[in-house]
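Worth saying up front: this structure is predicted, and the values here are computed from it rather than measured. Just so you know, these numbers use all the heavy atoms, side chains as well, and skip hydrogens, waters and symmetry mates.
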Amino acid sequence: LLVKNAFIITQDAEDRIFENGAVFVEGGKVVAVGPTAEVVAAHPAADKVIDAEGRLVHPGFICAHGHFYGMYSRGMDLRDESPANFTEVLERLWWRLDRALDDDSCRSSAEVCLVAAIRAGTTTIIDHHAAPSALAGSLDVIQDAVQEAGVRASLCYEVTDRNGPEEAAAGIVESVRFLKKTQEAADPMLHSMFGLHAAMTLSVGASGDLVVMDYFPPTEVNAGNLPWHTMFGLHSSMVSTTVAAGRVLMEEGKITTLDPRAVGLKAREQHRAVWERVWAIAEEEKAARQQ
């Protein structure tokens, strides 16, 4: 993959910036980055060429903490008193929602969030999963969705004893199983929480994760003022192309690995059943308190 005619921010140790630069990715790694003329001359036979036309090219973004299953909380009525503190938010929303999940809803919630991540230029995600009613093998379900989407991920299961010691032990078993699985597979795109590896540069040898953004800097960009361009100039709606390990996940706003419409419709078909299970759990808890 060759991306040329770009305003490249490398974020490397030297904070190099190329106002008319190119980056060449091969085998999932950045092989060359520098002035467009030099990189194109050195790599004239790229399988795919993206002309950034002066747009900003930046290393792919990282989501350092997330819960895919939280997608189902969008618009959901709790059906009881509003939480008065964070503990009650956990008890009345999140701890009911995770108990209402099954394999299908776990997969759909992950897909919805993965579509959003790709659109925002996020190429690495750390997700903390919880599904007490579908615990065993649930990380495999999330893994399948992540690998179809094409992003990097570090996954883990939330081990807790809030539903009893047996569930805590099962959470540990699932976590250890998945940790061993990822270690044996040695897939650079997938890790457990204990083995995250994600590059945040476009230096040679770094992971070939990058985004093309519709940002044309109105003032000079240098190592000293880059944070201000990032904070006050960039936003996710500017992302036009997302690449992970040299694989194009979205090009000119069109996602290539998932069908956003199909993902959304599938989740919509399942959301009501998830909500109904949450409300049933709420009624069970209410009845238990009244005894």
Side-chain angles (χ1 to χ4, degrees), residues 61-74 76 86 89-118 120 122-185 187-198 244 257-258 263-264 266-271 273-275 277-278 281:
F61 297 107
I62 295 173
C63 174
H65 182 100
H67 303 275
F68 288 150
Y69 66 85
M71 182 279 296
Y72 283 109
S73 68
R74 300 179 191 177
M76 184 175 66
F86 183 62
V89 171
L90 293 174
E91 293 172 343
R92 298 181 188 178
L93 174 58
W94 300 117
W95 293 349
R96 292 173 180 171
L97 177 56
D98 64 26
R99 289 169 60 195
L101 299 171
D102 58 14
D103 284 348
D104 289 340
S105 52
C106 287
R107 172 69 184 246
S108 286
S109 62
E111 290 175 341
V112 170
C113 294
L114 288 163
V115 165
I118 293 171
T122 302
T123 56
T124 298
I125 298 173
I126 302 174
D127 188 74
H128 297 244
H129 181 58
S133 301
L135 197 162
S138 60
L139 290 177
D140 295 335
V141 174
I142 304 300
Q143 172 191 342
D144 290 344
V146 165
Q147 290 181 323
E148 181 181 0
V151 303
R152 299 178 190 277
S154 182
L155 308 177
C156 78
Y157 189 85
E158 179 187 288
V159 177
T160 176
D161 63 356
R162 63 174 174 266
N163 296 319
E166 290 185 1
E167 184 179 303
I172 293 172
V173 169
E174 174 70 2
S175 298
V176 172
R177 179 195 66 81
F178 192 72
L179 175 61
K180 291 180 178 178
K181 177 182 178 180
T182 56
Q183 288 177 334
E184 291 172 358
D187 182 352
M189 302 294 289
L190 181 71
H191 298 271
S192 71
M193 278 298 296
F194 306 106
L196 175 67
H197 297 281
T257 55
L258 296 171
V263 166
K266 178 182 175 184
R268 186 176 179 86
E269 289 175 357
Q270 297 176 352
H271 87 279
V274 174
W275 286 9
R277 290 194 291 268
V278 171
I281 291 169

* Taking the side chain from Ser133 and the backbone from Arg99, do they hold a donor-acceptor pair closer than 3.5 Å? -> yes
* **Minimum side-chain heavy-atom gap His271-Arg74 below 4.5 Å** => no
* Checking Trp275 side chain against Tyr72 main chain: does a donor-acceptor pair fall under 3.5 Å? -> yes
* Is there side-chain contact between Asp102 and Gln270, with at least one heavy-atom pair below 4.5 Å? -> no
* To do: Measure the shortest side-chain to side-chain distance between Gln143 and Phe178 over non-hydrogen atoms and say whether it is less than 4.5 angstrom.
  => yes
* **Donor-acceptor contact below 3.5 Å, side chain Ser108 vs main chain Ser105** => no
* Rounded distance [0.5 Å steps], CG in Asp98 versus CG in Leu93 -> 9.5 Å
* Asked: Is the backbone N or O of Tyr157 less than 3.5 Å from a side-chain atom of His129, with the two atoms forming a donor-acceptor pair by type?
  -> no
* Answer yes or no: is there a donor N or O on one side and an acceptor on the other, between the side chain of Arg277 and the main chain of Leu101, under 3.5 Å? => no
* When rounded to the nearest 0.5 angstrom, what is the spacing between NZ in Lys181 and CD in Glu174? -> 9.0 Å
* **Approximate separation, where rounding is to 0.5 Å, of Ile126 CD1 and Ile62 CD1** => 7.5 Å
* Asked: Are more than 12 heavy atoms from other residues, nucleotides or ligands located less than 6.0 Å from atom CZ of Arg162?
  -> yes
* To do: Could you walk me through whether Ile125 and Phe68 pass the side-chain contact (heavy atoms from CB on, under 4.5 Å) test, one step at a time?
  => CA-CA 10 Å; Ile125 298 173; Phe68 288 150; 3.9 Å; yes
* Checking Ser154 side chain against Ser192 main chain: does a donor-acceptor pair fall under 3.5 Å? -> yes
* To do: With the side chain counted from C-beta on, respond yes when Lys180 and Val176 share a heavy-atom pair under 4.5 Å apart, and no when they do not.
  => yes
* Asked: Shortest non-hydrogen contact from Leu258 to Ala149?
  -> CD1-CB, 3.7 Å
* Structure fact -> Rounded to the nearest 0.5 Å, the CG atom of Leu179 sits from the CG atom of Leu155 at a distance of 11.5 Å
* Asked: Should Phe86 and Leu90 count as side-chain neighbours, where that means a heavy-atom distance under 4.5 Å?
  -> yes
* To do: Measure the shortest side-chain to side-chain distance between Val278 and Arg96 over non-hydrogen atoms and say whether it is less than 4.5 angstrom.
  => yes
* Structure fact -> Taking every heavy atom of Glu148 against every heavy atom of Thr257, the minimum-distance pair comes out as O-CB, 3.4 Å
* Asked: Is the backbone of Ala168 close enough, under 3.5 Å, to the side chain of Asp161 for a donor and an acceptor to pair up by distance?
  -> no
* If we only count heavy atoms from C-beta on, is the Val274 to Met76 side-chain gap below 4.5 Å? -> no
* **Leu97 versus Gly70, closest heavy-atom pair with distance** => CD2-CA, 4.3 Å
* Structure fact -> Here the gap from Ile281 atom CD1 to Trp95 atom CH2, rounded to the nearest 0.5 Å, amounts to 13.5 Å
* Non-hydrogen atoms of Ile142 and Ala110 that approach each other most closely -> CD1-CB, 4.1 Å
* To do: Could you walk me through whether Val151 and Val146 pass the side-chain contact (heavy atoms from CB on, under 4.5 Å) test, one step at a time?
  => CA-CA 6 Å; Val151 303; Val146 165; 4.0 Å; yes
* Structure fact -> Value for OG (Ser109) from NZ (Lys266), rounded to nearest 0.5 Å, stands at 10.0 Å
* Asked: Looking at Pro188 and Arg152, what are the two nearest heavy atoms and their distance?
  -> O-NH1, 3.2 Å
* Asked: Just wondering, do Arg177 and Asp140 contact through their side chains at under 4.5 Å, heavy atoms?
  -> yes
* Structure fact -> For Thr122 and Cys63, the nearest pair of non-hydrogen atoms, with its separation, is CG2-N, 3.8 Å
